[in-house]
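In what follows, a structure is listed as structure tokens, so that the remarks can point back to it.
Letters go in sequence order (proteins before strands), and every chain restarts at 1.
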Amino acid sequence: MTAREIRVTLPDGSEKRLPAGATGADLARAIGPGLAKAAVAIRVDGQVWDLARALPDGMKVAVLTDKDPQALDVLRHSSAHVLATAVRQLFPHAKIGFGPPIEDGFYYDFAVPTPFTPEDLERIEAKMHEVVKADYPFVREEVNREEAKRRFTDDPLKLERIDDLGPNEVISVYTDGPFVDLCRGPHVASTGRVKHFKLLHAAGAYWRGDERRQMLQRIYGTAWFTKEDLEAYLRRLEEARKRDHRVLGKQLDLFSIQEDVGPGLIFWHPKGAMMQFQLRRFIEDVILERGYQLVYTPHVTREQLFLKSGHLPLYAENQFPPMAAGEGEAEDVRYRVKPMNCPMHILIYASQQRSYRDLPIRLAEIANVYRNERSGTLHGMLRVRGLTMDDAHLFLRPDQIEDEIFQLLDIVELVLGKTFGLSYRLDLATRPAKKLGSDATWDQAERALEEALKRRGLTYRTDQGGGAFYGPKIDVKFNDAIGREWQGATIQLDFALPERFQLEYAGEDNKPHRPVMIHRAIYGTLERFCGFLIEHFAGAFPLWLSPEQVRVLPIADTQLAAARAVQRRLAAAGLRAVVDERNETLNYKIRDGETHKVPYMAVVGQREADAGTVAVRLRGEGKKQVVLSVDAFVAKLQEEVRTRALTPLV
RNA sequence: GCUGACGUAGCUCAACUGGUAGAGCAGCUGAUUUGUAAUCAGCAGGCUAAGGGUUCGAGUCCCUUCGUCAGCUCCA
């Protein structure tokens with residue numbers, strides 16, 4: 001039987017009758033000419049289809065326009081094909097890999113004998129505009145496996161992909177003008193729809209993300225429906241660059257990395273160090289109120305300890321090589337600088353007999369550890385080799401796990417959410433390939449974390465295989481200024497190390513029991529957290545964190561003594577203030593204070609000197625000034641610091 | 001670690017196809033004594049990342065090493 005007519009349901013619930021064989025484009029046209037023009041693709045039963053595909057009878061169908069985020073993915077995917085079309089015309093021997101849409105754009109991977117140069121990118125982009133102008137329709141075909149292989153005989157990467165497809169999978173190919181690609185789709189109607197794009201950069205990328213396989217050349221680009229969107233995006237990249245912690249860190253004189261000393265090793269300059277000091281104080285106060293105890297442990301240890309803990313060889317590639325023992329010691333004694341603190345804290349736990357009454361025992365140490373991170377992964381303060389962890393190890397009875405995780409999630413929220421006003425994501429990271437302990441213990445540990453997250457009603461993603469080698473973890477993730485994702489806080493449950501170190505406590509039953517461990521950090525590391533804060537606040541830190549809180553500005557030399565007196569009053573009240581004594585105009589000093597993001601400038605002219613007041617200028621607030629008595633100014637600032645306010649109280 | 005690009009004064013950047021390294025800001029000195037985002041003048045500042053090579057001559061060309069940046073891989 002062949003129906004002459006089909007019926008589809010639109011999102012508003014209304015029904016539309018169309019002749020059999022009608023396409024998405026026909027549907028859009030039937031609804032209205034405006035929609036026909038704006039239509040990019042259709043959504044059928046949750047799946048996005050080409051406009052040119054025939055509609056199925058009796059389904060729910062929505063027409064996607066350029067306002068729809070899913071349509072943007074389609075556009076970017078098509079942009080990737082336009083890119084490949086251009087590359088194949090300029091480099092006929094380029095083999096094609098994958099070319100998906102990504103956040104804000106797209107890429108396409110090519111196997112070429114020589115990498116693309118910046119000049120190549122310009123030529124490719126010009127050629128892309130020609131492809132757009134030619135307005136080739138994207139034509140979809142479904143083919144069988146043999147046919148697919150025949151079409152891609154010269155593209156080994158595509159052949160490999162075809163072999164990976166399951167027996168029942170539909171194999172589709174898309175053609176736009178001279179270019180044919182193995183592709184699931186969907187695509188925009190024709191290349192002419194791809195107008196507002198820009199190639200950004202080329203870089204190597206391993207085939208299928210596997211570093212043992214060949215390296216392809218990946219070209220990244222961005223694409224938008226309108227010129228305005230494209231320009232706004234490029235401006236956004238520009239803005240992001242300005243809040244990059246590496247740029248601000250230099251401008252604000254917070255930290256440096258010195259080639260003489262080595263990559264990934266941070267010098268905290270006085271201003272950065274003041275921030276670290278404030279962060280330490282804060283977290284130490286928080287945890288000391290919650291039953292933690294501070295410890296300090298050595299930076300190097302006999303290698304034996306890391307053998308026992310299982311770090312060697314599981315973690316060896318991230319550790320610096322061993323050092324020989326000093327003169328007079330046995331030759332085979334080697335020392336290692338520590339990449340983690342857990343074995344150290346375990347030794348403190350094991351240094352005496354523990355009772356079930358003692359647990360939980362919470363040992364905390366803001367400690368420097370060193371990890372031999374691969375050189376290409378280093379990134380300012382966000383990925384370093386010398387790390388300052390706000391580390392702690394909790395030793396628990398099994399029945400205390402859930403409460404402890406609840407307490408930790410509360411601390412995370414207090415510190416990250418409430419104090420810094422951050423929004424963050426939670427990941428549940430499960431067992432990796434290289435791991436300690438049996439699957440049964442991993443099952444138990446993963447279930448415990450998952451249970452705690454669920455009971456708290458928290459939303460989280462699962463990071464399959466992302467756990468530490470000794471246990472699964474709950475990770476806090478955030479994005480930096482240029483959109484890259486980083487891990488901050490972490491809560492890691494560990495049944496393996498207590499086993500390896502034979503840890504025990506005496507139970508109520510007077511028998512030995514094995515404690516459970518939690519490894520946790522709230523900031524993660526002070527390097528990464530501080531780098532992140534620089535970007536988050538764009539250098540304009542809340543008062544309590546600002547290295548320089550007040551800059552006192554005398555207008556002329558005659559007010560120098562008065563300005564110094566104000567500075568002394570502030571300093572005596574525990575506030576960090578300096579006087580700008582330079583022989584410069586007020587305008588100059590204000591400009592300098594603003595560029596250095598000082599929260600408050602206190603102007604002391606003759607009027608203020610006579611009246612015992614200051615004319616306060618707030619960071620970023622322009623000419624608006626508030627005249628206060630010095631006493632009132634001090635009191636407000638103290639309150640702002642005490643409450644760690646995120647916005648000024650003056 | 002891999003692929004590519006890059007490395008010039010404290011910072012941001014110049015120096016055409018190889019021909020004796022230059023500017024702005026910052027710094028210092030002096031003049032000016034300033035009322036809410038840059039007062040004026042002068043001075044000083046560089047083995048052009050390091051090492052080697054080609055050349056009459058190298059910031060510029062070649063090699064090695066170190067570092068930075070983007071991406072991949074890996075991770076707090």
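With distances taken from any side-chain atom of A:Ala203 to the nucleotides B:A70, B:U73, B:A37, the minimum falls on B:A70. Each of B:U73, B:C72, B:A70 was ranked by its minimum atom distance to the side chain of A:His201; first place goes to B:A70. Picking from B:G27, B:C2, B:U34 the nucleotide with the shortest atom distance to the side chain of A:Ile555 gives B:U34. Set against B:U3, B:C72, B:C75, the side chain of A:Met215 has B:U3 as its closest nucleotide. For A:Lys250, the listed nucleotide lying nearest its side chain is B:C11; candidates were B:G35, B:C11, B:A76. Among B:A38, B:G7, B:U33, the nucleotide with an atom closest to any side-chain atom of A:Asn587 is B:A38. Comparing B:G7, B:A76, B:C72 by their nearest atom to the side chain of A:Tyr206 picks out B:C72. Of the candidate nucleotides B:C2, B:G35, B:G7, B:G35 has the atom nearest to the side chain of A:Leu586. Candidate nucleotides B:U3, B:A70, B:A38 were compared by shortest atom distance to the side chain of A:Arg591, and B:A38 ranks first. Comparing B:A76, B:U3, B:C72 by their nearest atom to the side chain of A:Arg383 picks out B:A76.
Within the structure, every side-chain polar atom (N or O) of A:Tyr107 is placed at least 4.0 Å from both OP1 and OP2 of B:C72. Between A:Thr377 and B:C75, a side-chain N or O to OP1/OP2 separation shorter than 4.0 Å is absent. Between A:Arg246 and the phosphate of B:C69, there is a side-chain N or O to OP1/OP2 separation shorter than 4.0 Å. In this structure, A:Lys623 reaches the B:A37 phosphate: one of its side-chain N or O atoms is under 4.0 Å from OP1 or OP2. Regarding contacts with the backbone of B:A26, a side-chain N or O of A:Tyr588 is found under 4.0 angstrom from either OP1 or OP2. For B:A76, the OP1/OP2 oxygens have no side-chain nitrogen or oxygen of A:His519 closer than 4.0 Å.
At a threshold of 4.0 angstrom between heavy atoms, the contacts of A:Phe116 with the nucleic acid are absent. Counting non-hydrogen atoms under 4.0 angstrom, A:Gln487 reaches the backbone sugars and phosphates but no base. Looking at heavy-atom distances under 4.0 Å, A:Gln606 makes contact with a base. Residue A:Arg582 is classed as a sugar-phosphate contact, given heavy-atom separations below 4.0 Å to backbone atoms only. Nucleic acid contact class of A:Gly262 (heavy atoms, under 4.0 Å, all strands): none. Residue A:Gln214 is classed as having no contact, given no heavy-atom separation below 4.0 Å to the nucleic acid. Among the protein residues, A:Gly605 comes within range of the nucleic acid bases, having at least one heavy atom under 4.0 Å from a base atom. Backbone-only contact: A:Arg218 has heavy atoms under 4.0 Å from sugar-phosphate atoms and none from a base. Residue A:Val369 is classed as having no contact, given no heavy-atom separation below 4.0 Å to the nucleic acid. Heavy atoms of A:Thr490 sit nowhere under 4.0 angstrom from any nucleic acid atom. Within the nucleic acid shown, A:Glu584 comes within 4.0 Å of at least one base atom, counting heavy atoms only. Across all strands, A:Lys473 comes closer than 4.0 Å only to sugar-phosphate atoms, never to a base (heavy-atom distances). When heavy atoms are screened at a 4.0 angstrom cut-off, A:Ala615 is found touching base atoms of the nucleic acid.
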Legend entry - Pair pattern of RNA chain B in dot-bracket, where unpaired bases get dots and | marks partners in another strand, Watson-Crick or G-U under 3.5 angstrom: (((((((..((((.....[..)))).(((((.......))))).....(((((..]....))))))))))))....
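Distance CD (A:Glu485) to P (B:C75): 14 Å, rounded to an integer number of Å. To the nearest angstrom, P of B:A76 lies 18 Å from CG of A:Asn368. Rounded to an integer number of Å, the gap from A:Leu553 CG to B:U33 C1' is 15 Å. The interatomic distance linking A:Arg385 (CZ) with B:C74 (C1') rounds to 13 Å, in whole Å. Between the CG atom of A:Leu216 and the P atom of B:G4 there is a distance of 13 Å, rounded to whole Å. The CZ-C1' distance, from A:Arg241 to B:A70, rounds to 11 Å in whole Å. Going from atom NZ of A:Lys434 over to atom C1' of B:U73 covers 13 Å, rounded to whole Å. Counting to the nearest Å, the P atom of B:U73 and the CH2 atom of A:Trp207 are 13 Å from each other.
Checking A:Arg617 against A:Thr525, the closest nucleotide of RNA chain B that is more toward the 5' end is the one next to A:Arg617. Positionally, the nearest nucleotide of RNA chain B for A:Gly376 lies more toward the 5' end than for the other of A:Gly376 and A:Leu382.
Between A:Tyr523 and A:Phe420, the shortest heavy-atom contact is CE2-CE1, 4.2 Å. Nearest approach of A:Val337 to A:Gln319, heavy atoms of both residues: O-NE2, 4.2 Å.
Side chains of A:Thr388 and A:Asn368: a donor-acceptor N/O pair is present below 3.5 angstrom, by distance only. Side-chain polar atoms of A:Asn479 and A:Arg425 form a donor-acceptor pair below 3.5 angstrom. In this model, a donor atom of one side chain and an acceptor atom of the other lie less than 3.5 Å apart for A:Gln492 and A:Tyr470.
Scanning atom types as modelled, no donor and acceptor separated by under 3.5 angstrom connect the side chain of A:Gln559 and the base of B:G35.
Comparing B:C13 with B:C6, their C1' atoms are spaced 14 Å from each other, to the whole Å. Atom C1' of B:A9 sits at a distance of 34 Å from the matching atom of B:G1, rounded to the whole Å. Taking atom C1' in both B:C11 and B:G18, one finds a spacing of 29 Å when rounded to whole Å. With C1' as the reference atom, B:C75 and B:G7 are 28 Å apart, rounded to whole Å. The same atom, P, is picked in B:A37 and in B:A5; the two are 46 Å apart, to the nearest Å. The gap from the P atom of B:C47 to that of B:G59 amounts to 13 Å, rounded to the nearest Å. Going from the C1' atom of B:U20 to that of B:U60 covers 15 Å, rounded to whole Å. Separating the P atom of B:U17 from that of B:U39 is a span of 39 Å, rounded to the nearest Å.
Checked by atom type and distance alone, the side chain of A:Glu594 pairs as donor or acceptor with a backbone atom of A:Gly620 at under 3.5 Å. Counting only distance, with no hydrogens or angles, the side chain of A:Glu413 and the backbone of A:Leu409 share no donor-acceptor pair below 3.5 Å. The backbone N or O of A:Gly97 lies less than 3.5 Å from a partner atom in the side chain of A:Lys158, making a donor-acceptor pair.
Ring geometry for A:Phe633 against A:Tyr600 counts as perpendicular: the plane angle is over 60°, on a 0 to 90° scale with 30° as the lower cut. Ring geometry for A:Phe469 versus A:His311: interplanar angle over 60°, hence perpendicular rather than tilted (30 to 60°).
Each of A:His536, A:Arg528, A:Glu485 was compared with A:Phe478 under the side chain to side chain contact (heavy atoms under 4.5 Å, CB included) criterion, and only A:Arg528 meets it.
Using a 4.5 Å heavy-atom cutoff, the side chains of A:Phe267 and A:Ile257 are not in contact.
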